[in-house]
Amino acid sequence: MAEVRTRFAPSPTGFMHVGNLRTALYAWLLARSEKGKFILRIEDTDQARYVANAVEVIYASLKSAGLDHDEGPDKDGGFGPYIQSERRGLYRKYAEELVASGNAYYCFCGKCDDEDDEEIHEASALCPCAAMDKAEAAAKVAAGEAHVIRQRIDRSKISTFTDTVFGTISIENKVLDDQILLKQDNMPTYNFANVVDDHLMNITHVVRGSEYLSSTPKYNLLYEAFGWEIPTYVHLPLIMGRDAEGNVSKLSKRHGSVSFENLVAEGYLPEAIVNYIALLGWSPKSDREIFTLAELSEAFKVTGLNKSPAVFDYDKLRWMNSEYIKALSPEDFAAAAAPFAQVSGTVLEKSWNKIAALLHGRTEVLSEIPEKIAFLKELPEYTVDLFNHKKSKSDPENSRSDLPELQKKLAELSTWDAENISGAISSFAAEKEVKAGRPMWQVRIAVSGCAVTPGGPGEIMEILGKEESLRRIALALEKLA
RNA sequence: GUCUCCAUCGUCUAGAGGCCUAGGACACCGGGUUUUCAUCCCGGCAACACGGGUUCGACUCCCGUUGGAGAUGCCA
């Protein structure tokens, strides 16, 4: 059995769509689980779409996701170059080989106008150039006339192929277009470059989205025309998104953040994203859901791949992210959360580790941290209504009478830490013969102005410091007066 | 329009003819723990699209219907 070689062939668009990342992941998983090679190839045949630094984005994303490649533009494995624009000289030769064998022809029809799109499109399948005399066509080309090279398809046949996940599929050739192989600018189209490069790079398994299912016969016709071995196809179910109206379609920007970079910037951990997308369209056939990359490559089997499209569920990603966050060590969490917290340069900076400890078990997505701790920087506007809390039997009335005593007790504290502060509040409750929940609520509202806070009053006041805490209680008393 | 594919809880999925009064997870709803919220624990809600076959028996196999998606670019 030959060595398994899979590839990831993104085009440099400047961002990594999660659908592409998942394709990369499965290709990587397949290679790793078979002890094969994973190749990175950049498909930049569309010169109009050139984006600066886009290749760096691809490297960075793959690295961050943990998908290491064995060969690529930056890692020569003897099959380079790995960037298609650097291979441009090579495609024409293959296209002309097809012309010579009658499997392709020169077309001089020119670019079609958008308005006549339908018509010309129709014509392209039955292009008059297909019938042109070979010598005449060759002469036109020699004279420098603008042209493209189209694939010639035997429309009388039926193409059948077998896909690893979708099974056997048959398509009548007559519905296939004479697709363009080589563009007017002498660059290959994606489809053509793909076939040539996959063959030249000895790719054994083509892993790609199921949107290519219906064009696969065109690929196969090309392989056959060249006399090349057809690779094993592994088509993946699409990742869908749901829009505001509830309609589902291929996941795109209108559905929310769809790039790996955006998700990371929003505070999703790369490991969580990878784990989540691994389960979108693939099942380990068990109840387990949390997998590291290494565990994934251990468990991965193509038989677990699904056929039906999967809707990207941000809620579940969020849950998975929280699982990964909780699994972080306190130090790692503090480090990961710091860039999001916006505390550097503020009074909170020196207390960051304490704040992080409070945040750790209560954060699902890192980007929500600033709003969770905003009250520490500045006491928010609030109304005395907040002092009402049924369960702890707190209300504005008893807050008005209790808070001054609490204030006094707190002011007398010599050691200002969470334990002593809580102790003082508890002892007050004991003296008053009320449940601790009541003064806890009263004080927490006074110092935070929030119904929901990370941590209780002790922790909050320790971070705030004695002076600021007492100032806030005094402020609350003014409100209550 | 044409072609191709898909079809189990709202979502991701398990199920390869009897193990299914269909299992897990997210979300949602209750209850408990917690000095608030959250965490955590316990419980609940919720699905085999429909119609025909095949079979002693169908979520599982076949056909059709319906619904959904993708493709149909000198984009990838």
Side-chain angles (χ1 to χ4, degrees), chain A residues 9-13 20 43-46 48-49 107 109-112 117-118 121 124-125 146-150 163 166-167 169-172 174-177 179-185 187-191 193-194 208-217 235 237-238 240 242 246-250 276 279-290 303-304 306-320 322 326 358-364 372 389 391-392 394 422 425-426 429 435-441 443-445 448 450-458:
Chain A
S11 66
T13 55
N20 284 135
E43 312 237 328
D44 59 345
T45 56
D46 187 355
R49 286 205 189 181
C107 167
C109 294
K111 293 193 182 186
C112 56
D117 210 37
E118 290 290 313
H121 169 68
S124 72
H147 64 279
V148 299
I149 294 180
R150 284 183 187 278
D163 176 76
F166 287 89
I169 293 171
S170 290
I171 294 180
E172 290 187 273
K174 66 180 180 194
V175 305
L176 268 19
D177 274 350
Q179 66 171 343
I180 290 174
L181 268 19
L182 205 71
K183 301 186 254 190
Q184 231 173 67
D185 65 2
M187 284 292 267
T189 53
Y190 167 82
N191 294 312
N194 237 274
R208 51 157 55 150
S210 68
E211 64 264 38
Y212 294 104
L213 221 37
S214 48
S215 54
T216 298
H235 284 94
L238 260 17
M240 315 296 279
R242 191 187 298 281
N247 300 314
V248 293
S249 54
K250 231 163 108 174
Y276 174 69
L279 263 24
L280 258 191
W282 174 81
S283 165
K285 310 273 185 190
S286 73
D287 289 342
R288 179 140 67 131
E289 303 207 89
I290 304 294
T303 50
N306 230 296
K307 292 179 190 171
S308 29
V311 176
F312 193 93
D313 183 356
Y314 289 91
D315 277 336
K316 186 138 187 181
L317 205 214
R318 174 174 265 278
W319 165 77
M320 188 158 291
S322 76
K326 275 177 259 180
L358 254 31
L359 252 12
H360 196 168
R362 309 164 205 259
T363 304
E364 290 187 289
K372 279 186 195 291
H389 189 249
K391 202 175 159 197
S392 57
S394 162
S422 292
I425 298 173
S426 295
K435 284 192 141 180
R438 200 225 266 186
M440 289 288 179
W441 181 273
V443 175
R444 201 171 53 81
I445 296 302
S448 74
C450 297
V452 179
T453 58

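The sequence lines fix the lettering, A, B, ..., with proteins before strands; numbering per chain opens at 1. Below, all heavy atoms of this structure are taken into account, side chains as well, without hydrogens, waters or symmetry copies.
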Checklist entry - With distance as the sole criterion, do the side chain of A/Lys316 and the base of B/rA25 form a donor-acceptor contact below 3.5 Å? => result yes
Checklist entry - Reckon A/Lys250 has a side-chain N or O less than 4.0 Å from the OP1 or OP2 of B/rA71? => result yes
Item to check | From A/Thr453 atom OG1 to A/Ile445 atom CD1, the distance as rounded to the nearest 0.5 Å | outcome: 8.0 Å
Checklist entry - Once you round to the nearest 0.5 Å, how far does OG1 of A/Thr45 lie from NZ of A/Lys183? => result 4.5 Å
Checklist entry - A/Met320 near the nucleic acid: base, sugar-phosphate alone, or nothing, with a heavy-atom cut-off under 4.0 Å? => result nothing
Checklist outcome for this item: Between the CG atom in A/Asn20 and the OG atom in A/Ser11, the distance rounded to the nearest 0.5 Å is 7.5 Å
Item to check | Donor-acceptor contact present, side-chain A/Arg288 to main-chain A/Ile290, <3.5 Å | outcome: yes
Item to check | Proximity to the side chain of A/Met240 - top-ranked nucleotide from B/rA69, B/rC12, B/rA76 | outcome: B/rA69
Next on the checklist: Tell me whether the rings of A/Phe312 and A/Tyr276 are parallel (<30°), tilted (30 to 60°) or perpendicular (>60°).
Outcome noted: perpendicular
Next on the checklist: With a cut-off of less than 4.0 Å, is there a side-chain N or O of A/Asn306 near OP1 or OP2 of B/rA14?
Outcome noted: yes
Item to check | B/rA25 base / A/Tyr276 side chain donor-acceptor hit below 3.5 Å | outcome: no
Checklist entry - With both distances under 3.5 angstrom, what nucleotide forms a Watson-Crick or G-U wobble pair with B/rA71? => result B/rU2
Checklist entry - B/rC74 C1' sits how many Å from A/Gln179 CD, rounded? => result 12 Å
Checklist entry - Which whole number of Å gives the distance between the C1' atom of B/rU60 and that of B/rG73? => result 41 Å
Checklist entry - Measuring from A/Lys174:NZ to A/Leu176:CG, what's the distance to the nearest 0.5 Å? => result 12.0 Å
Next on the checklist: Once rounded to the nearest 0.5 Å, what's the spacing between atom OG of A/Ser392 and atom CZ of A/Arg444?
Outcome noted: 8.5 Å
Item to check | Short side-chain N/O contact from A/Thr45 to OP1 or OP2 of B/rA76, under 4.0 Å | outcome: yes
Checklist outcome for this item: Regarding the side chain of A/Lys326, the nearest nucleotide among B/rG10, B/rU72, B/rU39 is B/rU39
Next on the checklist: Regarding A/Tyr212, tell me which of base, sugar-phosphate or nothing describes its non-hydrogen contacts under 4.0 Å with the strands shown.
Outcome noted: base
Item to check | Atom P, compared across B/rA22 and B/rA69: separation rounded to whole Å | outcome: 30 Å
Checklist entry - Just checking A/Gly455: base, sugar-phosphate only, or nothing, at a heavy-atom cut-off of under 4.0 Å? => result base
Next on the checklist: Looking only at the side chain of A/Thr189 (C-beta and beyond, no hydrogens), which of the listed nucleotides B/rC12, B/rU36, B/rC74 gets closest?
Outcome noted: B/rC74
Checklist outcome for this item: In Watson-Crick or G-U wobble terms, with both distances under 3.5 Å, the base opposite B/rU36 is none
Item to check | A/Gly361 vs A/Glu172, nearer the 5' end of RNA chain B by closest nucleotide | outcome: A/Glu172
Next on the checklist: Classify A/Ala451 by what it touches in the nucleic acid, base, sugar-phosphate, or nothing, heavy-atom distance under 4.0 Å.
Outcome noted: base
Next on the checklist: In this structure, how many angstroms lie between the C1' atom of B/rC75 and the CG atom of A/Asp177, rounded?
Outcome noted: 15 Å
Checklist entry - Base, sugar-phosphate alone, or nothing: which one does A/Val443 contact when heavy atoms must sit under 4.0 Å apart? => result nothing
Checklist entry - Counting any heavy atom closer than 4.0 Å, what does A/Ser170 reach on the DNA or RNA strands: base, sugar-phosphate only, or nothing? => result sugar-phosphate
Checklist entry - Would one find a side-chain N or O of A/Lys285 under 4.0 angstrom from OP1 or OP2 of B/rG15? => result yes
Checklist entry - Counting side-chain heavy atoms from C-beta on, which of B/rC26, B/rU4, B/rG23 comes nearest to A/Ile171? => result B/rU4
Next on the checklist: Using whole Å, what does the distance between atom P of nucleotide B/rA27 and atom CZ of A/Arg242 come to?
Outcome noted: 16 Å
Checklist entry - Would a distance-only check, ignoring hydrogens and angles, find a side-chain to backbone donor-acceptor pair under 3.5 Å from A/Lys372 to A/Arg362? => result yes
Next on the checklist: What contact category does A/Ser392 fall into here, base, sugar-phosphate, or nothing, at under 4.0 angstrom with non-hydrogen atoms?
Outcome noted: nothing
Next on the checklist: Any base atoms under 4.0 Å from A/Ile180, or only sugar-phosphate, or nothing? Heavy atoms, all strands.
Outcome noted: base
Checklist entry - Quick one: on RNA chain B, does A/Arg288 or A/Gly281 contact a more 5' nucleotide (nearest heavy atom)? => result A/Gly281
Next on the checklist: Does A/Ser286 reach a base, just sugar-phosphate, or nothing at all? Heavy atoms under 4.0 Å.
Outcome noted: nothing
Checklist entry - What does A/Thr453 touch in the nucleic acid at a heavy-atom separation under 4.0 angstrom: a base, only the sugar-phosphate, or nothing? => result base
Next on the checklist: Without decimals, in angstroms, what is the distance between A/Lys174 NZ and B/rU4 P?
Outcome noted: 10 Å
Checklist entry - What about A/Arg362: does its side chain form a donor-acceptor pair under 3.5 Å with the base of B/rC37? => result yes
Checklist entry - If the C1' atom of B/rC28 is compared with that of B/rC45, how far apart are they to the nearest Å? => result 8 Å
Item to check | Nearest-angstrom distance from the residue atom CD of A/Glu211 to P of B/rG70 | outcome: 10 Å
Next on the checklist: Please name the nucleotide paired to B/rC61 by Watson-Crick or G-U wobble geometry with both distances under 3.5 Å, or report none.
Outcome noted: B/rG53
Next on the checklist: Would the distance check show the side chain of A/Asp313 and the main-chain N or O of A/Asp315 forming a donor-acceptor pair, the cut-off being under 3.5 Å?
Outcome noted: yes
Checklist entry - How long is the line joining CG of A/Leu238 and P of B/rU4, in whole Å? => result 18 Å
Checklist entry - Quantified in whole Å, what is the C1' atom distance between nucleotide B/rG30 and nucleotide B/rC48? => result 28 Å
Checklist entry - In Watson-Crick or G-U wobble terms, both distances under 3.5 Å, what is the partner of B/rC48? => result none
Next on the checklist: Starting the side chain at C-beta, find the nucleotide from B/rU4, B/rG23, B/rA27 nearest to A/Trp319.
Outcome noted: B/rA27
Checklist entry - Which nucleotide in the set B/rG23, B/rC75, B/rG15 lies at the smallest distance from any side-chain heavy atom of A/Lys183? => result B/rC75
Next on the checklist: At 4.0 Å (heavy atoms only), tell me whether A/Asp44 reaches a base, stays on the sugar-phosphate, or touches nothing.
Outcome noted: nothing
Checklist entry - P atom, B/rC6 versus B/rU65: distance in rounded Å? => result 16 Å
Checklist outcome for this item: Testing B/rC6, B/rA27, B/rA14 for proximity to the side chain of A/Asp315, the answer is B/rA27
Checklist entry - Which part of the nucleic acid, if any, lies within reach of A/Lys391 when heavy atoms closer than 4.0 Å are counted: base, sugar-phosphate only, or nothing? => result base
Checklist entry - A/Val148 side chain: which of B/rG73, B/rG68, B/rC74 is closest? => result B/rC74
Checklist entry - Can you tell which of B/rU13, B/rU72, B/rC5 lies closest to the side chain of A/Phe166? => result B/rC5
Checklist entry - Whole Å only: how far is the CG atom of A/Leu176 from the P atom of B/rG73? => result 11 Å
Next on the checklist: So if I take every side-chain heavy atom of A/Ser249 and compare against B/rA76, B/rG10, B/rG70, which nucleotide ends up nearest?
Outcome noted: B/rG70
Checklist entry - If the P atom of B/rU54 is compared with that of B/rC59, how far apart are they to the nearest Å? => result 16 Å
Checklist entry - If the P atom of B/rG68 is compared with that of B/rU8, how far apart are they to the nearest Å? => result 15 Å
Checklist entry - NA contact type, A/Gly437, heavy-atom cut-off 4.0 Å: base, sugar-phosphate, or nothing? => result sugar-phosphate
